[in-house]
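Worksheet for the structure shown next.
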Amino acid sequence: MLIGLFLFLLAIDLIGNSFKLLNKEVVESILQLTSNPFIGLFIGLLITALIQSSSTSTSMVVAIVASGSIGLSEAIPMIMGANVGTTLTSTLVSLSFITKKEEFRKALSAGVVHDFFNILVVAILFPLEYYYGLLTNLSSSISTLIVGNNYGSIQSEYGYSVFTRPIIDWITGLFPFPIILSILAFAILALSIKVISKILYKTITGGSKEVLQRYFFGGPYRSFLWGAAITAGIQSSSVTTSVIVPFVATRKIKLKQAFTFIMGANVGTTLTALIAATFKSEAAISIALVHLLFNLFGVLIFLPFPFIRKIPVNLARNFGRRANDARILGFVYIIFTFFVIPFILISYTNARQDRVELTYEINKKSNGETNFKKIVVKEFDANHLNHWFVYEGLKTKEEATDVPTEILEAYYKKNLMILDNMVFKLGSINECWSGSDELGNYNICLKDMEVVYKRGSLTLDSVYAFEKRYSVDSLGWEKIYVDPVRQIIVKSLLYDDAGDLTSSEVLVELSKL
């Protein structure tokens, strides 16, 4: 058993290392695409399917969120995708029974029931997160209760098991070729799963179907708790869900019993991330909580209701029967579900994404200096969410840079526009409300509305003018002009406490990309 677990950890770490060597720059670049939640979902699925470890892919996401490169709302679809991608292991294990017709049917059903369960949970929770921010709000509220606003930083390096690191370094020195390392890693993974599943079954049951049924799968809640407990101990849902496959294939347990065990494994695998994140930062805790909440919601939807539990089980049974008649269907399902479809949808969705480039002229009265700022706005009409990629300190309008100085979110719904941490209410003239930022507390009021705003060739409709005044007079005050239709700031004028203009930031160009 120890040898099998060691080989499994070695394979997972070797896959992660080879993937990092082959695609480090690619991974960093595609993560910039996650401002589109659909792309984020399929990136999480694809990366996890490639490296065969949701723990590794989730750790990558946690590191990037904690560093401030992407927000929590962009990372959540990736966590959902990772939950689907990690189910590939058990499906691959089921293919080892392909030469035995009856066992193959049952094994494949056991492999894909995990897929169907997570896909159904994503289908339910993704729209709730997309439109209402369900997981974002819950995880943020809980993490704030735990640590307040104490943001920290974490390392963004890939983690390795203590005992495998020297071996990984040695193997990488022998074969400094990522593709060869990947092939070797997947071969070790297949061997480790075979060893673990064979020995674990004999260790637990001694070949006794009665012992297995009585102690581990006596009822749906008992198998759920055993799935959570064993996975929390082993800390790999890939191992525990894969071990179940030969049990179902050899008729030692039923598919419906395996399904409740798998639900428990989904919850158990989140324990390590929660423990590790507790000592990191609010961002790390929030992502770990998202992983836990996602799996808990899935359990609450399916476990208490027998008629709902039957849905993924019946889907898996029917798929197993069809694949048994045409065995190539199992390979086609894996290739298309985990690789081809995500690639196509990432490309298609990204191509449909609307992007607008805004160019601002910035004038500072204190030194007469003029420079420019560009903002690339990625627009998503369905959930009224835009992302701003800000590039500051440009000497000319034509100057370009690849690295944004910051990434902001703009959200518009009904009569509210929220830009980062500032709220603009599109209500009655002279209506006021309060807020706070890094400079202190402030009041902001709607003062005017221009039906048409013109500057050179630029013409905008329905621009609202707001006044923002801090509680400390020495900080001055600001007049901000907002276009709520395009969710952009048109002009910002900063005055000192005497009412003299100190700086201005004015939109001079707006172009589609």
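Everything numeric in this text was worked out from a predicted model, so none of it was measured.
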Side chains of [X] and [Y], heavy atoms from C-beta outward: is any pair under 4.5 Å?
X: Val113; Y: Ile262; result: yes
X: Asp115; Y: Thr337; result: no
X: Phe302; Y: Leu120; result: yes
X: Phe297; Y: Leu138; result: yes
X: Leu125; Y: Met80; result: yes

State whether the side chain of [X] and the backbone N or O of [Y] hold a donor-acceptor pair below 3.5 Å, judged by distance alone.
X: Ser223; Y: Thr260; result: no
X: Glu103; Y: Phe97; result: no
X: Arg105; Y: Gly320; result: no
X: Thr87; Y: Asn83; result: no

Atom of [X], atom of [Y] and distance for their closest heavy-atom approach:
X: Phe104; Y: Ile98; answer: CD1-CA, 3.5 Å
X: Ser139; Y: Val290; answer: OG-CG2, 3.5 Å
X: Ser90; Y: Thr241; answer: CB-O, 4.0 Å

(request) Go through the side-chain N and O atoms of Asn318 and Arg321 and say whether any donor and acceptor fall under 3.5 Å apart. (result)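 Asn318 vs Arg321: donor-acceptor pair found between side chains.
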(message) Check this for me: Ile124, atom CD1, are more than 12 non-hydrogen atoms of other residues, nucleotides or ligands nearer than 6.0 Å?
(response)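 Atom CD1 in Ile124 is crowded, with more than 12 foreign heavy atoms closer than 6.0 Å.
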(message) Looking at Tyr221, I'd like to know if its OH atom is crowded, meaning that more than 12 non-hydrogen atoms belonging to other residues, nucleotides or ligands lie closer than 6.0 Å.
(response)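 More than 12 heavy atoms, drawn from other residues, nucleotides or ligands, come within 6.0 Å of this atom.
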(request) Can you sort out the partners of Arg317 under salt bridge (charged side-chain N to carboxylate O under 4.0 Å, His left out), two or more places apart, ordered by chain and number? (result)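 Once residues adjacent in sequence are excluded, Arg317 has no partner under the salt bridge (charged side-chain N to carboxylate O under 4.0 Å, His left out) criterion.
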(message) Just checking Phe117 against Phe259, ring centres under 6.0 Å apart?
(response)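 For Phe117 and Phe259, the ring centres are under 6.0 Å apart.
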(message) Applying side-chain contact (heavy atoms from CB on, under 4.5 Å) to Asn314 and Phe116, what does each step give before you reach the verdict?
(response) CA-CA 10 Å; Asn314 290 337; Phe116 292 158; over 6 Å; no
